[in-house]
Amino acid sequence: MSTLDTTPSTPVTPRWQTLLIRPETMTFLLLVVGIFAGSQLSPFFLDINYILKSFTLYSELAIVALILTMVIIAGEIDLSPAANMALSACLFAWAQASGIPMPVAIGIGLAAGLLMGLLNAWMVISLQLPSIIVTIGTLTLYRGLAQVIAGDKSIRVPEWFIGVDKIMILGIPLPVVLFIVLALVLAVILGGTIFGRQIYQIGTNETAARYAGIRSARIKFSLFLLIGFVASVAGIMTASRLGSVRYDLALGGELQMVLMAMLGGTYIFGGRGTILGTFLAAWLLVVVSTGMIVANVLPAVQLVVLGGLLIVAIIATNLIYSRTQR
Amino acid sequence: MGENGAGKSTFAKILAGVHRPTRGTITLNGKPVDVTSPIAAQKLGITLIHQEPISFPDLSVAENLVLGKADDGWFSRVPWAQMTREAKALMDLLGVKIDVTRPMRGLSIADQQMVEIARALASDSRLIIMDEPTAPLTPREVETLFVIARRLRDEGRTIIFISHRLEEVRALCDRVTIFRDGNKIATEAIANLSDADIIRLMIGRPFKEYMHKARAEIGAVALKVERLSVPGLFQDISFEVRKGEIVGLGGLVGAGRTDVARALFGVAPAASGTLWVDGKTVSINDPSEAIALGLAFVPEDRAVAGIFRTLSVEENITAAVPKQIAPSGFIRRAIERAMANDSVRRLSIRLASLRQPIGELSGGNQQKAILARWLLTDPSVLILDEPTRGIDIGVKAEFYDMIGELAASGRAILLISSELPELLALCDRVLVMSEGRLTADIPRAEATQESIMNAAVPRRVAFEGAAA
Amino acid sequence: MSTLRSILLRRESGIAVMIVLFCLAVGSVKPQFLTLDQLRIILLLTPLIMIGAMGQMLVIVARHVDLSIGSMLGVSAMVSGMLYRYVEVMPWWAGLPISIAVGATLGLGNGLLITLFRLPAIIVTLGTLSLYRGLTFIISNAKQIDRQYIPSELKALSQTSPIFGIPWIIFIAFGVAILTYLFAMHTRVGRQIFALGSNPVAAPLRGIKVTQVTLLVFAISGALSGLAGILYASRWGFVNPSNTGAGFEFQVIAAVVIGGASINGGVGTVLGTVLGVLLLGCVAAALPLLGIPGTSQAAIYGAVILIALVIDRSVRRQGIVGLKRAGA
Amino acid sequence: MAADPLKIVYIGKNTGNPYFDSITGGFEDACKSLGCEFEFVAPATAEATSQIPFIEAQIQRGVNVIGIAPNSPDALNQVLADAKAKGILVLTVNGDITGNEQYRDATILPVNFDIVGRDQVEMVGSLIGYEGEIAILSATTEAPDQNKWIVGMNETLKSDPKYAKMSLVATVYGDDQPEKSTTEMEALLSNFPNLKGVIAPTTVGIAAAAQVVQSRGIADKVAVTGLGLPSEMRDFVKDGTVKAFQLWSPYNEGWLAVHFAKGVIEGTIKNEVGSTFEVPNLGTITINANNSINTQAELTTFNAENIDQFDF
């Protein structure tokens, strides 16, 4: 066959260049800068044990942010997982405090998480409502229900159940280990399995994905279920770390989760992003937050920095992606 | 008038300021004018009535009439009473009964078009361009439209009426201009042209014989369709496609061909009708089910339904065969690369790297990659919807060769195309659809541009005293 | 008959009926709920939400959403509070234009980020929600502006009444609602906001300046948050960097969505929004009267938002189906 | 010992809470006079867990003393245990982790909280002539201090014949939010038209209650009292809406905390129940049961005569 196509293809950009303008590179550089700045701000900052310990405080959110990354890549968003964490944790704690055996109580918490994911999935996929508004509604509802259940009091968990963050594996707290392991697993799933591949394809072009025989509704449904479930796991982990549960557990965590995903270069309109990016961004966020806290920086400045980072991150990712798009 | 893609709509949009011309001048009432935007067009008294009316569904009819009409400052008052009064007067003038205070949402397309016409009147347009306004209308509505159009003409307004319905053009127009392949072919008083003349002028490109491969053995029935219907889109479609056979599906844009294909493939399943694949009755409710049955579908609009623009060529090619590249769920890069490489070689896709985003390829190579995607599924029935649209002439020839080869290897092919020479060159039979119905099944021997066009152009029986 | 039917079918009638039924139900248990005095209480609960809801309604009609209103409220109230505290010559009324201007500026900031970089409003305002809140802390050095610094004339707006014992602040809120009505229904740009939200693709074809209209909408949302900010100082007599305006966005969005504004843009009425606000006010006033703990309030808001979404969805689906059928 | 100045940090409930300005003032002045280093930090919001990263950071900074106004009676247990394990002196100041006392070394409270209920009942009684219906507008349902005082009020009303003609008709909770407190107050007035007095033992609640009474113009009929900040209540006292209310000196809490901490670390004060020590301006202080220390014996009552003497 003759090739008569006269339209020249664009020459491929060299690999080092594509690597340099990846958003993950930006995240990594920011992380380096953050560590440097932290060590300049306070002499107490640069201590690996302290950073690890600080990370445990954010590890539950970071774990959920990994799944959220997949949800965003698939072209949706979920703002409710932090509220989900609170409600599942409250249900779990309330169940075990009212005498239900621990395994059953944990089961109740996890089932509640799944159910909350199911409600989101049903409204977004079956009713085809925009996920962003739906999850703002469910975020209010879930946290509200947590408040109904727990009131203003905290519910204690038994002494033996406390301290998931005190379990060390090779000197690393268990929640951090879980985060790292989950990140590895999800990175493999997202980058190496057909399930992950199809998540990118749905997020890039859902119509084309359907035409290619990809069951996008099913995949999105499972992602919402997954994030609901993982949020409940994270909620119960938080309960173990704190030793008690209140309705305001992980309050405002949705901002942190979205921030981790966005800072890691996940594209808000779907189709792009990596687990590596979110992994780095989680550390970046911890470094920035703890750096400022240990330097006794006014918490107000932290709010400004976090809000500003979110906006800068989406502007930067948008620019990077629009450059590589054509 | 003109065939699909002759450039009628684009021309109309340039006149109305939606697109800018690269060169040339527009002369209006003897003066050269520059139509820079839709608003400028409106100020010049030019109104374009789009094929699918553009409206603001949540605003009232009256508001849709005046919106964008006069731009006298952001905070100037909206004169509701006057607006409603004027809108009512316009509707009365047009003789249509539409409550002008109701929102546009829920109006029939015909009524929406009436609103568009009223809008042209409201801004006192002297030149009204109607782009295929009758396509979605019932005969009675067409008649109403024509009565109004004639009255507007009698008032001294100019109307450009774009259509491919011979009868309508004959019934309404004084002169006809025929476009073909972006060129003006002829302008003539309608009385001087016979139907045959017009059809000849529309299609009259010199018939170019494409190389056609040796015909394959035509085998058993691979796909059979009976009385397939989706209310509002198409009715009672019945046909069959045999192994090794290339069946063309011709017709004008909007005839419902793509809708049939989408129904076959389970994208938008049919409301009623029966399907057989390889002699077995099947029901297909999702593309994945169609694929499992050995169907493949190269859709018409690559950007919307075909490619994953930002993903790699490799990933685009292997998108429909997850089980082959990932037998255990984990992607086997080596297999994937080998399959993609093989496809690239077989279809001679020009690219710099398999890892390159497909959006960087030329249109023809993107289309080849989509075809490659479907060939990997080893389909027994291949539906191609305008496979060569927007592709260079040289690459087209490659596609023709490939389609021939695919049939020769025993696949059944349903080829939807608006290009008559393409249908004539490739097909063993040509089915023609018009207004949602199958109007002809022409064997290769009898297929000519004229015979296809004759079946494709809708002919309305009665305009006079039309009772639907 | 048909006009009666069309009135009954309107969304506003539905909310009005809900309000009446709710009040009767509460009144049957607690008769004192059906007194004029209670009406005053309900009205006093609503002015800030009503003012915020007017801006948010316009934003939602334009197919966006503004999550930062609570923080904008906080910044504007704080700026005026700081001026009251440290600038002796500041007349009491000066806080009104200052807060409105501060709010409008912040809103314009949102609008610029959204239009310049083509970012989704929800993420931008999620970012500025945090950023503007931080700003409140920074300008105030995390110190509350106490009651004694808020001019008594300003506080009097919430307590003294020109007529019928209804405080000024309620008249201001309804005044804003009426102005919003006039703006939305009777100015060209107001209608352009609806057109833009109704069909963003068609809008530029009909000569609507999309960027400018979007900026204006966010500036209005900010300006009204600013007005709500200074009235917060009037109503509660203090400005606190962390409390003032916190959670405001959820109440406001709930009211607007209940009021029938469609998240798909183009649809929303001032009357519906006012009724949505009043319904929330009735709920808020009834809960303590019935002895229901305030902790269930958030859950009720959340449930109400979701129900409104589902209703909106089913109404819209009918509309689309109707259109298709008519077109066939 | 004198080589390194003592590093003291106080962690408030949240920033922007005017109450803590005064406590911080006490800390600052005491640290200046004793030669310690002092920092005040607080999270932006007052949810249960928001103080944890701040405590972690202070441990990392190697401070000697952590004073904290805990946002939760139990969510801080783990991290406070860590702090204690590092040899840091942990003091809860202006609020205790009731039920989890083992996680702090001592608590510094303004007065003996056992008497607050009794004093508040006496205050409202004196305002309404010891006769009629009264109600309580509290903060949150689970606030330990509030509940302790409410129990005290109930017991006083029941046991003391002096208050026999007073009846407590309702206890409601405004969650320390102005809006919520206002609606609860309005509901009280609607539900109990014969209400004579309201005790709001919380700064947000008393201001909200006073405002409702002020705007309704019913100060003669309903007496509002409770615990409030003079800076927030000054206007209400001056225009007669509130005749009198009570509080203590938050400043002294900070002042006492620093003196106590320095004494314990330098070994001059024994942190044992029953031991006593001297603090300038405050006199002799005794360590009560549960290692609880109070700055003053009685609540301070503020009224139109004395309110201008207090600037917090």
Side-chain angles (χ1 to χ4, degrees), chain A residues 72 77 79-80 83 87 119-120 122-123 126-130 132-153 247 252 254-256 258-259 262 268-269 298-319 322, chain C residues 60 65 67-68 71 109-110 113 116-142 241-242 247 249-251 253-254 257 263-264 292-310 312-314 316-317:
Chain A
I72 299 177
I77 197 164
L79 294 178
S80 71
L87 181 50
L119 178 61
N120 286 335
W122 176 71
M123 293 196 71
S126 308
L127 297 186
Q128 304 210 319
L129 290 163
I132 195 131
I133 301 280
V134 165
T135 54
I136 283 185
T138 51
L139 136 79
T140 320
L141 177 70
Y142 296 163
R143 193 162 299 278
L145 287 177
Q147 211 175 350
V148 170
I149 290 167
D152 187 53
K153 63 174 179 291
Y247 82 92
E254 55 278 347
L255 178 68
Q256 314 249 10
V258 171
L259 191 53
M262 297 287 124
I268 185 68
F269 299 112
L298 204 63
V301 181
Q302 299 171 31
L303 284 176
V304 172
V305 169
L306 292 188
L309 265 181
L310 177 60
I311 290 169
V312 169
I314 42 172
I315 292 176
T317 5
N318 274 14
L319 286 181
S322 66
Chain C
I60 287 181
V65 68
L67 295 180
S68 69
S71 299
N110 284 333
L113 285 171
L116 277 185
F117 299 99
R118 292 169 192 273
L119 302 176
I122 192 137
I123 299 292
V124 168
T125 52
L126 190 64
T128 51
L129 160 78
S130 169
L131 204 152
Y132 293 162
R133 175 61 60 196
L135 217 57
T136 317
F137 279 101
I138 290 176
I139 54 176
S140 64
N141 198 20
S242 75
E249 56 279 353
F250 287 115
Q251 297 176 25
I253 290 173
V257 174
I263 42 161
N264 290 286
I292 296 171
T295 44
S296 44
Q297 201 159 326
I300 291 172
Y301 281 177
V304 158
I305 293 180
L306 292 180
I307 291 167
L309 275 179
V310 174
D312 183 47
R313 168 74 189 157
S314 54
R316 200 158 42 87
R317 187 178 280 169

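Every chain is numbered from 1 and lettered A, B, ... according to where its sequence line falls, protein lines coming before strand lines.
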### Any A/Asn318 side-chain heavy atom under 4.5 Å of C/Phe117 side chain
no
### Task
Could you tell me whether the side chain of C/Phe250 reaches within less than 4.5 Å of the side chain of A/Leu139, counting heavy atoms only?
yes
### Query
Any idea which of A/Ile77, A/Val134, A/Ile315 has the most non-hydrogen atom pairs under 4.5 angstrom with chain C?
A/Ile315
#### Entry: Minimal non-hydrogen separation, A/Val148 against C/Ala299, with atom names
CG2-CB, 4.1 Å
#### Entry: side chain to side chain contact (heavy atoms under 4.5 Å, CB included), paired with A/Ile311, selected from C/Thr125, C/Asn110, C/Ile123, C/Leu113
C/Leu113
#### Entry: Per-residue contact mode, A/Val258 against chain C (heavy atom under 4.5 angstrom)
side chain
### Query
So what's closer than 4.5 Å to chain C heavy atoms on A/Tyr247: side chain, backbone, both or neither?
neither
### Selection from C/Gly134, C/Ala303, C/Ala142 maximising heavy-atom pairs under 4.5 Å formed with chain A
C/Gly134
#### Entry: Test log, rule side-chain contact (heavy atoms from CB on, under 4.5 Å), inputs A/Leu310 and C/Ser130
CA-CA 10 Å; A/Leu310 177 60; C/Ser130 169; over 6 Å; no
### Message
Report which part of C/Ile122 has an atom under 4.5 Å of a heavy atom belonging to chain A: side chain, backbone, both, or neither.
### Response
side chain
### Task
Could you grab the distance from atom CD1 of A/Ile132 to atom CG of C/Leu126, nearest 0.5 Å is fine?
8.0 Å
### Query
Looking only at heavy atoms, what is the nearest atom pair of A/Val304 and C/Leu131, with distance?
CG2-O, 3.6 Å
### Query
Going by heavy atoms in the side chains, are C/Leu67 and A/Ile136 under 4.5 Å from each other?
yes
### Query
Quick one: are C/Pro120 and A/Ile268 in side-chain contact, heavy atoms under 4.5 Å?
yes
### Message
Heavy-atom cut-off 4.5 Å, strictly under: side chain, backbone, both or neither for A/Leu259 against chain C?
### Response
neither
### Message
For a 4.5 angstrom cut-off between non-hydrogen side-chain atoms, does A/Ile133 reach C/Ile253?
### Response
no
